[in-house]
Each structure stands twice: as structure tokens, then as C-alpha cells.
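Everything on this sheet refers to the single structure shown next.
Keep in mind that what you see is a predicted model, and the values were worked out from it rather than measured. Here is the naming used below: chain letters follow the sequence lines, and residue numbers restart at 1 for every chain.
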There are 2 protein chains.
Amino acid sequence: MVTEIKSNFYKLNDDKRELIINAAIKEFVQNGFDKASTNEIVKEAQISKGSLFNYFKSKKDLYVYVFEYSVQIIEQLYEQIDLTETDLFKRLEHIGIQKMYIQKKYPHVFDFLAQSVQEDSAEVKEIINSKVDAIYARGTKIIYQDIDYSKFREDLDIEKAIEILNWTMFGFGEKATRQINTFEDMAEFGEQYLKEWEIYAEILKYSFYKNEFRVN
Amino acid sequence: MVTEIKSNFYKLNDDKRELIINAAIKEFVQNGFDKASTNEIVKEAQISKGSLFNYFKSKKDLYVYVFEYSVQIIEQLYEQIDLTETDLFKRLEHIGIQKMYIQKKYPHVFDFLAQSVQEDSAEVKEIINSKVDAIYARGTKIIYQDIDYSKFREDLDIEKAIEILNWTMFGFGEKATRQINTFEDMAEFGEQYLKEWEIYAEILKYSFYKNEFRVN
DNA sequence: AATAATTTGACCAAGGTGGTCATCGGTGCT
DNA sequence: AGCACCGATGACCACCTTGGTCAAATTATT
């Protein structure tokens, strides 16, 4: 086995484990592997230095664990995709909501995986590159599988349209993330989120879809 | 005067000065003020430590100089905006090209100013916050001044449409920046850039504009 | 009360930090 | 050639942070 985690980390209760994971992710995404400080991580996670190195035998081990944990989260996101939904907007809408829920629990997972690709520390690079590429390839394959492209206007450059859609979702997602913590009720936020997104979606559908498919 | 730069930095030839400025910007944007290493900067700029501290009396001085230099570049970008062009797409297109030219010369200025806002080092924070907000406020004011909004569809949420446009431009700009150095001829790149952007613009115009204004 | 399991933080050697300054090398003048 | 000038250099400094350790303290279990 490549990564060996001492069993005592699993014995921790969920809250504390997530606190540590999030503290580590935050520090790694902010500073990269080399410059990430274990001192900062333990401070943020409110545990002692000794404990961290009891749970993980080295900084590298911690990184690898947190990385693989993040990968798992994405994988689970993929599993949830409903392949019977053939409308691109509806499918992406659903994924977007799931992402929001994940970001509520793990605020920097997506940033972490995005940043991990350009991690230049030789110590962790190989572990990353082999996985991340595969993950993203699988992701885009699943996400766009069985989509009904016949709804799109004939003279539309669909690839570019999808790029626009992605950039818009990303921008909107960022904006929403900034507001996420002003809501105490996550269900209420989800509702608000969906309602606002629909307006953006409608604008794009107007251009992407044939007339008869514009309104859902 | 708040920032006093020893005159010998001005005496340097343009190439070297830009090399130093870019090296500093790169390091600051990658690591923030506190963690930015002057050792890394001198290595990247191919000058000695002594020289750097001959040109600037401290790391803070260097930061402030580079920051104000970046602000100037943005200001100049604003000056160039042609206010007689009332078509939003045409105006943004023009700004986009200018930005590309700037990014060729100073690859990280925009990232630097974007990152500077969330700089948490108390030492430089106050210098930043007072300026950046003003800059962006002035920017959006100029950019959207005298735009002919009558071209837009009546039932369109113009504010949201402009957000989509911005996110799309940002996404496309990033994509283009990644390709910018594969072109040796900047003029050729500009042409290619414009041609590709037009396709994206056309997709959005289809949704934003009334029928009669779609094709330029 | 006794034992086992966890957590703690002072401590370490190693390495990096911003900044200094005696020395160097080149250029131009006499 | 000899001299004076000046920008460039990098070894050097005191200080700080680093990843990781471990004896001692605390808590949990018997």
C-alpha cells in the first residue's frame, strides 16, 4: 500500500476529522505542498503538533491522504449523476447544486484538486498527475454522456456554447459560494440559488436552443 | 512622498527594469507579500541581492512600487477606451485586445492587482485597499459609459447578461493567455484571437440583442 | 486504583529570511 | 599607466520558521 495511515485518525469523530481535513486542504491550496506549514494546519484545526504527526507520519502522508480523500468526493459526485436526464441544462443544474452542498462541507476541495495539478513539488507530483487527468477525463465523459444535442440550434458551434456555459456556471458558482455562509438554512440557499441560476440559464438557452425548447 | 525610490532604478535600461518588475510581480502574486522571497526575485530577475536593495530600500518599498506601477498600467488601459464606440461588444472586444497586449509584456499584472485586494499582510494592506476599490469603480464606470443599451432585447435581464459576458470574456481570456506564447508574431495572434472571439460574441449576441442588431 | 491510550507543546537541527557592506570590475579621464 | 568613480556582487548576519520527536501530562478504560 502506498499510503499508510495510522488507524487512530479514523477513530476521531467526524467533526474533528473534517476540521483537520479542511484545515489541511486550506493550507495546501493557499501555499502549495512545499510552503504549506504544518504549524498553521494544527493551529487552524485546533489540535497539537504531536497529534497531527500521530495521525499522519509525515507532511507528505497528510497531503496524499487529503488528496485521495478529495478525489473520492469528486468520484461520488459523478456517481450521483442521473444519466436518464438528457437535457444539458437540467443535468448541469443538478451537478451545480451537488457541488454547492459539497462546498458547504469542504470549502476548498475543488480549488485543491485544481491547484494540485500544477503542484511543482517533486515529492507529490507523480501521485497527482496520474490521477487528476483520469478524473477529469472521466468527469467530462460522464457529464456529457447521453445529452440530447438535437435541442441545440443547427448553426450553433456547440463546443463553444458549452464553453460559455461552463464559464458562466463557474462564475455564478463563485459568486454563490461567496454568499453561501450568509444563509443559515442550506435548503433555503439551495432554493434561492436555483431560482437565480434559472435566469442565467434562460438567457443562454435563448441562444443555444431551438425556439421550441427554450422554456422548460 | 510616501514611496521614495532611489534614482538608480530609473537609470536601468527598459529590458532590465521590466525583468525586475515582472520577477517581483510573479513572486508576489504566487506567494503574497509576506511569503514572497527576495531571493527568488533576484534569481528570476538575474540580478544580485545587493542590487535589488540598492534599487529599493526594502521589500515593502519594492511591493509598493510594483503595485503603483501596475495601477498605472490599468489607468492607461482606461484612458485608451474609445467612448464614441457605443456597442458593448465592440468596446469590450477592444479592451480585451489591449489587455492581451499588456499581458504579453507584463504576464501577471492583472492577477497581481486581483490578488493584492486580499493581501493580508498588515504592512501593505492599507496602501492597497484605498486604491484598488477606486480603480475598479472607475473602471466599471468608464467601461459601461455611453453604451447603447437599446440594442438589447426588451425582456432581457441586462445586468445578468453582462455578468455572463464578463465571465465568458474572462474564461476566453485565460484560454487565450495560455496560448499566447506559442505565437511568435503578436499581430498574428491578435488576428486569430479576434476571429475566435467573434464566434463566442455572436453566440451571446444572439441572445442579448434584438434580431436586427445581431450581425455586426 | 491501576493501566492503557491519546494528546500535548517544548524542543531540535536544518534551512530560509530580509537586509548589509566590504570588495570587485569596468569605464572614462588625466 | 595610474587614478577616481560607481554600480554590481555575494558572502555574511541575526533572526525566524520549518517538519518532526518524545517525555510528560491528560483522559479513557478496566
Original post:
In whole Å, what is the span from the CG atom of Asn8(A) to the C1' atom of dA28(D)?
Top reply: 15 Å
Original post:
In whole Å, what is the span from the CD1 atom of Ile47(A) to the P atom of dT8(C)?
Top reply: 8 Å
Subject >> Centroid-centroid distance, Phe67(B) to Phe28(B), less than 6.0 Å >> reply: no
Subject >> Check: Tyr63(A) ring centre within less than 6.0 Å of Phe56(A) ring centre >> reply: no
Original post:
Taking CZ from Phe9(A) and P from dT7(C), how many angstroms apart are they, rounded to a whole number?
Top reply: 11 Å
**OP:** Please work out which of the three classes, parallel, tilted or perpendicular, describes the rings of Tyr69(A) and Tyr106(A), given edges at 30° and 60°.
**Re:** perpendicular
Taking only nitrogen or oxygen atoms into account, show me every contact under 3.5 Å that the protein makes with nucleotides 17-23 of chain D, one pair per line with its distance.
{"from": "dT18(D)", "atom 1": "OP1", "to": "Ser37(A)", "atom 2": "OG", "distance (Å)": "2.9"}
{"from": "dT18(D)", "atom 1": "OP2", "to": "Asn39(A)", "atom 2": "ND2", "distance (Å)": "2.8"}
{"from": "dG19(D)", "atom 1": "OP1", "to": "Ala36(A)", "atom 2": "O", "distance (Å)": "2.6"}
{"from": "dG19(D)", "atom 1": "OP1", "to": "Lys59(A)", "atom 2": "NZ", "distance (Å)": "2.7"}
{"from": "dG19(D)", "atom 1": "OP2", "to": "Thr38(A)", "atom 2": "N", "distance (Å)": "2.8"}
{"from": "dG19(D)", "atom 1": "OP2", "to": "Thr38(A)", "atom 2": "OG1", "distance (Å)": "2.7"}
{"from": "dG19(D)", "atom 1": "N7", "to": "Lys49(A)", "atom 2": "NZ", "distance (Å)": "3.3"}
{"from": "dG20(D)", "atom 1": "OP2", "to": "Lys59(A)", "atom 2": "N", "distance (Å)": "2.6"}
{"from": "dG20(D)", "atom 1": "N7", "to": "Lys49(A)", "atom 2": "NZ", "distance (Å)": "3.0"}
{"from": "dG20(D)", "atom 1": "O6", "to": "Lys49(A)", "atom 2": "NZ", "distance (Å)": "2.6"}

Original post:
Shortest non-hydrogen contact from Met100(B) to Thr177(B)?
Top reply: CE-OG1, 3.6 Å
**OP:** Report yes if some heavy atom in the side chain of Gln80(B) is under 4.5 Å from a heavy atom in the side chain of Gln98(B); otherwise report no.
**Re:** yes
Original post:
Nearest-Å distance, CG (Asn31(A)) to P (dG16(C))?
Top reply: 17 Å
Original post:
Between atom NZ in Lys11(B) and atom P in dA8(D), what is the gap in whole Å?
Top reply: 9 Å
Subject >> Rounded distance in Å - NZ (Lys43(B)) to P (dG18(C)) >> reply: 12 Å
Original post:
Within this structure, what is the OH-to-P distance between Tyr10(A) and dA5(C), rounded to whole angstrom?
Top reply: 20 Å
Original post:
Is the distance from OP1 or OP2 of dT7(C) to the nearest side-chain N or O of Tyr55(A) less than 4.0 Å?
Top reply: yes
Original post:
Given atom CG of Leu52(B) and atom P of dG18(C), what is their separation to the nearest angstrom?
Top reply: 10 Å
**OP:** Give a yes or no on whether the ring-centroid distance for Trp167(B) and Tyr200(A) is below 6.0 angstrom.
**Re:** yes
